[in-house]
Each structure stands twice: as C-alpha cells, then as structure tokens.
Asks: 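Before I ask anything, let me first share the structure, which is written out below as structure tokens.
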Amino acid sequence: MDELVTQQPLGRLVAMLAREFAPRTASVLQRHGFTEAGWWLLSELATAPAGGLPLGEAARRAGLGASTTTVLSDQLAERGLLLRQRCPGNRRLVIAALTDAGYRCVAVVRAELNDLFTATYERLSGPERDTLTRLLTRLLSAAPGDTHA
C-alpha cells in the first residue's frame, strides 16, 4: 500500500476498518450466494425508482463495469431476483428492476448485515453516526484521482 494510505492516521484507520468489515460482510454475502459485486448491483436496484434503472445507470451507481453488470444481471435474473426488459422508448436500453423475490432477498441480507454490525455502530452516538456518514459520503463522492475534492 501507498505510504499515504498506510502511514497517515485517517488512511490507516479507514484501511483497518475496511479490513475488519470485509470478511464479515463476505461471509453473509457468500451464505446467500452473492459476490460483493452482485450484492452492490442488487442493492442499487433495490433503491431504484419504480420501474427500475437502465442497466448502464445501475452499473454506474454500483461502481461496476458494463460487462460485469451484464453477467451479474444474467445470474440474478436466473435466480428470479431481477427482471430485464428493453426500454419501449429506446430499444437499445435494457431496464433492470427487482422482482418481489429480489426485494425480499435484499431485506433479509440487509437485516443480517445490520445485525452483524449493530454493536460496532452503537459505539457511536446517533449524532456521531450521522456526522461520520456525512463525512464518509463526502469522501466517497470525490471523483477518482481528484485530490482537491
């Protein structure tokens, strides 16, 4: 790892927290048959407006490549968790939307993840959690490679 990430207090703490959270998250996702990328796609579609999202937009929101998203959407559709259809107004666009089974699956996995991390999150007060969420969101919203965001 880059010295800035591993030696600076903030970077080191973020890396350590990610290292602690990742295996616990992975165990829940694996138990439900998801890769991390598949879960991100499913999660983004769960928060999509009624009618779903164009697959390219879902990929962008989930931080995934187009080909990865296509493969994952095939797998999720085979499992009955999402539907894909051509956009009536633009046949080049594929719209992806969760099925009822997809929404139920997301609810179950989110509940397990929340249960897994509740004790960790409760170390902070409500206002502290809100502040940390706001700050981390701001860090994540910076463009990749943008050091001045």
Side-chain angles (χ1 to χ4, degrees), residues 1-84 94-149:
M1 285 187 155
D2 177 289
E3 181 178 303
L4 182 63
V5 172
T6 60
Q7 299 303 314
Q8 296 297 314
L10 178 59
R12 182 171 172 76
L13 291 171
V14 169
M16 290 172 67
L17 194 58
R19 190 173 63 193
E20 181 179 321
F21 276 33
R24 292 194 278 166
T25 300
S27 69
V28 171
L29 297 182
Q30 287 171 0
R31 195 167 44 254
H32 290 277
F34 294 115
T35 62
E36 185 177 323
W39 172 246
W40 283 115
L41 178 59
L42 205 65
S43 293
E44 288 303 325
L45 290 171
T47 61
L53 286 173
L55 208 48
E57 176 61 14
R60 186 192 66 73
R61 290 183 182 195
L64 302 171
S67 60
T68 299
T69 302
T70 299
V71 169
L72 290 170
S73 70
D74 287 344
Q75 293 169 352
L76 295 170
E78 286 174 16
R79 291 178 61 183
L81 301 176
L82 70 80
L83 294 173
R84 291 170 305 180
V94 174
I95 305 297
L98 291 190
T99 62
D100 289 342
Y103 283 110
R104 285 191 302 273
C105 184
V106 168
V108 167
V109 173
R110 280 189 179 154
E112 285 187 37
L113 290 170
N114 287 337
D115 288 346
L116 189 62
F117 293 109
T118 294
T120 300
Y121 299 147
E122 286 180 347
R123 293 178 191 158
L124 302 174
S125 68
E128 287 172 329
R129 285 191 302 271
D130 292 345
T131 298
L132 182 59
T133 299
R134 188 174 80 296
L135 293 171
L136 290 174
T137 300
R138 194 160 94 203
L139 286 176
L140 287 171
S141 69
D146 182 2
T147 59
H148 303 298

Asks: Looking only at heavy atoms, which two atoms of Arg129 and Leu124 are closest? And how far apart?
Replies: NH1-O, 2.6 Å
Asks: Are any non-hydrogen side-chain atoms of Trp39 and Arg110 less than 4.5 angstrom apart?
Replies: yes
Asks: Excluding sequence neighbours, so at least two apart, what forms ring pair (Phe, Tyr, Trp, His ring centres under 6.0 Å) with Phe21?
Replies: Phe117
Asks: Could you grab the distance from atom CG of Leu76 to atom SG of Cys105, nearest 0.5 Å is fine?
Replies: 8.5 Å
Asks: Taking side chain as C-beta onward, heavy atoms only, is Leu29 less than 4.5 Å from Thr35?
Replies: no
Asks: Roughly how far apart are Ser27 OG and Leu116 CG, rounded to 0.5 Å?
Replies: 6.0 Å
Asks: Would you check if Ser73 and Leu55 make a side-chain contact, meaning some heavy-atom pair closer than 4.5 Å?
Replies: yes
Asks: Is the closest side-chain heavy-atom distance between Leu81 and Phe34 below 4.5 Å?
Replies: yes
Asks: Might you point out which heavy atoms bring Glu44 and Leu53 nearest each other, and give the distance in Å?
Replies: O-CD1, 4.3 Å
Asks: Nearest 0.5 angstrom please: Leu41 CG to Leu45 CG, how far?
Replies: 4.5 Å
Asks: Can you name the closest pair of heavy atoms from Ala101 and Gly80 and give their distance?
Replies: CB-O, 3.7 Å
Asks: Please check if atom CD in Glu36 has more than 12 non-hydrogen atoms from other residues, nucleotides or ligands closer than 6.0 Å.
Replies: no
Asks: Do Arg84 and Ile95 make a side-chain contact, defined as non-hydrogen atoms from C-beta onward lying under 4.5 Å apart?
Replies: no
Asks: Is there side-chain contact between Met16 and Glu20, with heavy atoms separated by less than 4.5 Å?
Replies: no
Asks: Locate the shortest heavy-atom distance separating Ala97 from Gly52; write the atom from each residue and the value.
Replies: CB-CA, 3.8 Å
Asks: Would you indicate whether the side-chain heavy atoms of Leu98 and Leu42 approach each other to under 4.5 Å?
Replies: yes
Asks: Does Arg31 have any side-chain contact (heavy atoms from CB on, under 4.5 Å) partners at least two apart in sequence or in another chain, and if so, which?
Replies: Val28, Glu112
Asks: Tell me which pairs pass ring pair (Phe, Tyr, Trp, His ring centres under 6.0 Å) where either residue lies in residues 50-79, with sequence neighbours left out.
Replies: none
Asks: Working to the nearest 0.5 angstrom, can you tell me the gap between Asp74 CG and Glu78 CD?
Replies: 6.5 Å
